[in-house]
Amino acid sequence: MSGIYVHIPFCKSKCAYCNFFSVVSDKGRDAFLAALKREAVQRRNYLGGEAVRTVYFGGGTPSLLKPSEIAGILEVLRLNYDIIDSPEVTLEANPDTVSKESLLDYKSMGINRLSIGIQSFFDDDLQYLSRKHDSKHAMRVLDWASEVGFQEITLDLIYGIPTLTDEKWNRNIDIFLSTGFNHLSAYALTVEEKTALGQRISKGLAAAVNEDNTIRHYEILTSRAADAGFEHYEISNFARPGHQSKHNTIYWKGEKYLGLGPSAHSFDGSSRQWNVAGVKDYCDNYSFEREELTLDDRYNEYVMTSLRTNWGCDLGFVRDSFGEKYAEKFEKGVQKHILSGKMLEKDRNFILNDSGMLFADGIAAELFM
Ligand code: SF4
C-alpha cells in the first residue's frame, strides 16, 4: 500500500513563523493545475503499481482551491493510479478560506478527512503568529465541519507561543476535547532565523520562545490527552483508537509515497526525490533531484522515524533488514536510555515514553550509523 501527497503552494499571506514552501500570489494558478495533472500522468508508474490507500492535499493552503479544482485533480489521480475503494482523502484547510458551502462541496466530491489549521483559539496568539483568521471564525468553522458531516476531523494547534499561558493552553485543549473530534496534531513553535518571526525576535520586536514553557505545555498536553483516552502515537500526533492518520503513518512506517507539485518529496522504497520548488520552474521546466539511499541512510531514517512513534523501533526488523552490525549498535546504544527511564522495551521493541519523546531526535542521532 502507498500514498499520494499533492502540494498546493498558494497562501493568502505568509505567516510569520512559516518555513514551508508557499507563495502568496496565485498568479499562474491555471498553469499550475495543468502542470500538476501533467506530472500525475507522467509519473503514474512511480509507485510500481502498488495500490494507493491515501491521498493528502497539503500546502500551502489547499483550501484556496475551489472544490471543482480539487475534484479535477482527484479525477486525474483516479484515472492513473490504482486507488483502493475507500481511500483516506485529506484536505488541509485554513479557517479564513472556507465557508459552510465549500466544506459541503469538498465532502461531496470525495474529501473524507479535514485537517483544520486552528493553531490557537486566542486572538493574541494568532496575531503573534500572524495568522489571518480570528478565534470567533475558527469556532464557526469547527461547527460547519461537523454540521456538513465530516467524520474524520483533525485540528492543528501550536504550543510554546510566548503569548500562550498555561491557562490558555489548557483552555485550547478544553475546546478541542469539547468538539468530540478524534485527532489532534500539536506542534511546538520553532523559530527559524530567516523567517519574519525570527527576524522580529532578533531585533527585539517580538518575545522569544521560552523552552521551559514549551516543555511544560508538552507535559500538560500529553497528560491531558492520555486522561481523555487519546493515544500519543507520534511525537506531535494524538488520536482516539482507530483514528490515526493513515497517510502520515505511511511516512513513519517507511512505505512508498508519491509527492506531486512544487517542492514535493517522493519515496519509492530505495530512493528519495524532490521536485523543483519555484512554481514557475515547476510549470515551465519540471525537474527534480534524486538521492539513492545507502543501507546506513535507510537504517538511520528507520531509527529516526520509529523512535518518534509509540510502536517504536523493532530490533528484529533492524537485524533482518540491515544486519547484525546495525542491531548490535542499536541494542548497545539504547541501554542507557532504558536505565534513565526514557525508554522501555516491549517484545524487543524499543519505545520512548512521553518524556523520552522530547529527546527523540538527539537519542536517534546517537544511534545513527
Ligand atoms: S498558511 Fe501554512 S503554509 Fe501558508 S504561510 Fe501560513 S503556515 Fe505557511
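Numbers here simply count residues along the sequence, with the first being 1. A quick note: this is a predicted structure, and the numbers were derived from the prediction, not measured. Counting starts at 1 for both ligands and their atoms, following the listed order.
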Legend entry - Y233-H243 aromatic ring centre distance below 6.0 Å: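 Centroid separation for Y233 and H243: 6.0 Å or greater.
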Inset, instruction - Answer yes or no: is there a donor N or O on one side and an acceptor on the other, between the side chain of N112 and the main chain of V89, under 3.5 Å? - result: yes
Inset, instruction - Give every protein N, O or S atom lying under 2.8 Å from atom 4 (Fe) of ligand 1, naming each by residue and atom. - result: C11 SG
Legend entry - Any R131 heavy atom less than 4.0 Å from ligand 1: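 Contact check R131 vs ligand 1: positive.
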Legend entry - Geometric cation-pi criterion, K253 with W311: 6.0 Å, 45°: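 The answer is yes; both the distance and angle limits are met.
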Legend entry - Within 45° cone of F267 ring axis and under 6.0 Å: K256 NZ or CZ: no
Inset, instruction - For the pair Y282 and F32, name the ring-plane relationship: parallel under 30°, tilted 30 to 60°, perpendicular over 60°. - result: tilted
Inset, instruction - Please state whether the rings of H137 and W144 are parallel, tilted or perpendicular, taking 30° and 60° as the class boundaries. - result: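 Rings of H137 and W144: perpendicular, as their planes differ by over 60°.
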